[in-house]
Structure formats: structure tokens, C-alpha cells
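Input: a single structure, listed below in C-alpha cells.
Because the structure is predicted, anything quoted here is derived from the model rather than measured. Numbered from 1 within each chain, the chains take letters A, B, ... in sequence-line order.
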Amino acid sequence: MYIKELPAYEGKEVTLRGWVANRRDSKGLVFINLRDGSGVCQCIAEAGKISENDFEQAGKLSLESAIELTGTVVKDERQIGGYEVHVSKLTVIQLAEEFPIAKKEHGIEFLMDNRHLWLRSQRQWAILRIRNTIIYSIHQFFQKEGFVQMDAPVFTGNACEGTTNLFETDFYGSPAYLSQSGQLYGEAMAMAFGKIYTFGPTFRAEKSKTRRHLSEFWMIEPEMAFYDIHQNMDLIEDFLHYVIRQVLDNCQNELKLIERDTSVLESSLKKFPRLTYDEAVAIIKGEKDVNGQNSIRSLEKELAEVEAKITELEAEIAEREARLAEPGMKKGEINFNQNKIATMKNELKDYEESRRNIPQWIESAKNFQYGNDLGGSDETVITRLFDVPVMVYDWPHEVKAFYLKRNPDNPRFARGVDVLAPEGYGEIVGGGERETNEQMLREKIIEHQLPMQDFEWYLDLRRYGSVPHAGFGLGLERLVTWLCKLKHVRESIPFPRMYGRLLP
RNA sequence: UCCUCAAUAGCUCAGCUGGUUAGAGCGAGUGACUGUUAAUCACUAGGUCCCUGGUUCGAGCCCAGGUUGGGGAGCCA
């Protein structure tokens, strides 16, 4: 019997098992917010309607104690789930020690140190359930489209894209690396099965300390024989539409809990604009407008709005602090004001960060060097102008991976495609059409200074029935982070592994 | 690797230009209260001011080096 099933049991007696999420008491009443993994429900123990011993136990329950209780389900509009339970019997399974995570706000370091306990909080519960829905819908989509799920190895002997930092391990005395992409194996499997997708962990030893990097993350990499770059983009769009639709349809409750404004998710069900690199650069530099909006001018406008907001917040904080300094304020009111000030100070920090960042974005946009890869700020500059993911394709071949095919009409460009998520979330997908010409690949492997002998098996694919093919890689955590509008990827995975974080 | 900000009670923070005995809220403990939603009210306990060295009559505050963490660049999904 789980809390989410309560509506079907109105007026009936049920037995629930779970943990104490919160407890309040007054003389003859104890209110217990019970959490059982499926949801939360208020349970009431009333003196006289329960044995004296059970009532005394109820009053002593500490946060996160494990209990079993029996009671009657009563409809009550005031409650979160719409129902509460009037307890007739209560058994303590374990009385918890003082729980480190209080009902107040905490700093991120403390929360990360207590990740194993933090997972129990409502917000984390909602985010990771959305993650689950995303994973499930990814499998549903590819399976219904006739893809075969295949797994690429985690230990690899070759660095598939070279250069980037790999985690090195010892494989029976030889160096081996933890996979940073299953892509090359995906191509081999696509030549055997037609359409495949891999879904597994990926490792990057980048000493990145940013809100969108993890050292261990999960990647979905479809690879399709007989697809060109345009079919690839069609698939990416259908795929993301499907996942977003599933999250909107199945996670209303969770989205509400994390206070996700879903308007951009709704608008992302539209067609995704497809820009060539050249068009994207023109937009970034402010040489081309989008829907009447100019990148540089809209940034300047936002900067002015941020400045105004900062002034406004500073004034309100000062005013509340002055009021607090005067005597005679009630304790509850002091508490309320202090919390309000703390919240506003956090908001202020965000705005101050924007105030520092925006001028840099403007500078970097104005001075963008044609031919370079897009940096984080360039991605933000471009995606701000859309309420839907944007696809950028046909990149200068020098900045992209060795295995991408050249545009036959203009070999300066490689047929790679990046999908940039709206709301400042940046790159969530990278992919493209693969080079089919063995000689071109050999030249590229030499150019990238990769060990040729490690790639002979890959070049075999071009010798035995080479066909046009394409694919892409989606970073699961980045998708979760965007769909939930999180500030940092570390909340999108149960136990994040990142620079400086290996425990818990 | 580089830039930048921070570290004070179990937690979140305040602590003015360097000045006597370092504060608040939450949490914990005790008590009051029959409908609370982070309940409320009263009282109690709780400190190696990150570490090492320096300046000074005097350092939580200034200086140097280090450690750990936040944000960002590069690189990427």
C-alpha cells in the first residue's frame, strides 16, 4: 500500500510504511508528514483515538524515523495529496538520530556532503523522478522507431576524439581509458543492425568547475545507416519532441513541485530552427536579426533591466534591515524578515553575476572570430533569442571531430550539428553525418595526431560496405537540467562525480 | 592550467576604520498550547573565528603562503 494510491481508499483503513518527513504537535494532537517514496501524506494521531503508548511514541518521533501506521483515509482539500490519514495504530521501526538536513536552507557543499540523505527531500525526489521519465521515454521512442539498443564498451584502448583528458586505468598491465564516447563502436553496430542506440556512462577527466560539467555522465548515442545530416536533424527533433511531450504529460505533479514554468517546454514542441554556422555567427555578431530582435541590443536592454533590479533589491533589503534594527518587532515577524532578506540576498547574487557576465557576452559576441567554435557565452547569446531549441550545422571542419563528413558542395564545412537548448542551457546534443571516404579519414587522423593503428578496425568499416550514415550524442544530465530548469547539473543525477567530488 | 569570490555555533549568516566577555535565526533539549503545513510562545545548552607564519601594545578583521569550496574561462554532452 503506497501513499499515491490513497484516493482509491477513501473512508477505508490502510497501513502505510515510511519515514517522518516532518512532525508538529500540540496538546492532544500530533501531525506527521509521512513520506514513503511514492508521495507524502499528513497523518494525525489524536489522543484518545489511539493507545496511550502509541500517542506518546508519536510525540517523540524524530525527523526521518521509520514507522508503520494504520488508520482511516479522510478526504481533506487542505492537504497536498487531497487526503489525510487518521491514525489508529503506530509502530516505530527505527527512531532516527538527529537528521543533519534541517527544514531550512543549506549551502551546496553541505548538501553535497549529505547527498545520500539529501535525495530524500521533495525537490530531489521530483527531479530524479523526472529523470526516470526521461530515461523511460528515450527507450520508448527508439524502440518504437525500430532501433536496437546496443552497448559500447567502457574500457577502451583508443582515444576516440583524442586530445581531451581521459581517465587512465590499468588493464592487465596495459593502459586503458574509460570511454568518453561510444560513437565509433556505434558506427560498427549500425553497419550490423541498421539503426542502433547506446545508453551508458561516459567519462571525461576535464578539470571543469562549471554548472554544466560532470566527470561521469550518461549519454544516449543513436547511429543510423543510410541517414544524411538532414534526416539526422529530423530525428533529433522528433526525438526531443517526444521526450518533452512525455515529461509534460506524465510529470505534472513533479514539475509543479519544483516550480518549473513549463511555457518554454510547450513552445519547444514547435519546429526547431536550423541555422548554418555562418547564419549563427551573423546573429551572434548582431549583423542579422531574429524575429525583430538583435543580439547585441537585446543584451544591452537586459543589462539595464538587471541594473534596475539590483537597485530595487538593495533598497528593499536596506529597508527591511532598518526595520529589524528597531526594537519591538515580534519574533515571528523577525524570523519572516530575516528569511526574506536571505532570499533577496541570494537573488541579488544572481543578478550581480549577470551584471558581471553580460558586458563580457557583449564583448565576446562583438569580437567573435569567424572560424572559431562557439563558446558558452556565444551559445547563450544566440539561444536567448529563441523559445525553442536551435540546431546549428555545417561547421568549419577544423573545429570539429575527425570523423565528420565534409559538405560535398563546400568542403570547408563539416556536417556536424549541435543542438542548443533555450533558457541559457547551451549544448545538449552534438552529432552529424560521418565521413565515408577512407582516405579523408586517414588524413584527418594524421592531422589530429592520433595513433593510426588503433583506428584500423574503424577504417575497416569504410572498406566493407561503407554507406552514408549519421548519428548524435545526447547528454542525459544536460537534458534533465534544462527540462527541470536546474541551476547546476549536479542535481540531475543521484550521485554526481565531478572535479573535487568522489564521495558519497 | 588560468581568472574571480568565499571559509565565524550542528545549519544559514551578521560582526563597522584593528580595541574589553564574538551575536542572530534555524536545529537540538525542557516546558506551554486540540487543526498544524518550515506551526507558535518561553527558557537552556552550544565557538580551535579553515591552517601556518607575519605586522601590531592588541588580529575574526591587515599581509604572505597553503587547504577546501562556489562561480567562470578553456574543453565539452
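For a distance-only test at 3.5 Å, the side chain of A/His106 fails to qualify as a donor-acceptor partner of the base of B/C11. With hydrogens and angles ignored, no donor-acceptor pair closer than 3.5 Å exists between the side chain of A/Thr210 and the base of B/G71. A/Glu109 contributes no side-chain N or O that forms a donor-acceptor pair with the base of B/U68 under 3.5 Å.
Taking the six-membered ring where the residue is Trp, A/Phe402 and A/Phe455 present perpendicular rings, their angle passing 60° and hence far from 30°.
Proximity of A/His488 to the phosphate of B/G71: a side-chain N or O atom is located under 4.0 Å from OP1 or OP2. The phosphate of B/G74 (OP1 or OP2) has no side-chain N or O of A/Arg204 nearer than 4.0 angstrom. An OP1 or OP2 oxygen of B/G71 is reached within less than 4.0 angstrom by a side-chain nitrogen or oxygen of A/Arg490. In terms of phosphate contacts, A/Lys207 brings a side-chain nitrogen or oxygen within less than 4.0 Å of OP1 or OP2 of B/U1.
Summarising the base pairing, B/G74 is matched to no nucleotide, lacking a Watson-Crick or G-U wobble pair whose two defining distances lie under 3.5 Å. In this structure B/A24 sits in a base pair with B/U12, meeting the Watson-Crick or G-U test at under 3.5 Å.
Between A/Ile428 and A/Met498, the residue whose closest nucleotide on RNA chain B is further toward the 5' end is A/Met498.
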Original post:
What does nucleotides 29-34 of chain B look like as a protein-contact string, B for base, S for sugar-phosphate only, - for none, at under 4.0 angstrom between heavy atoms?
Top reply: ----BB
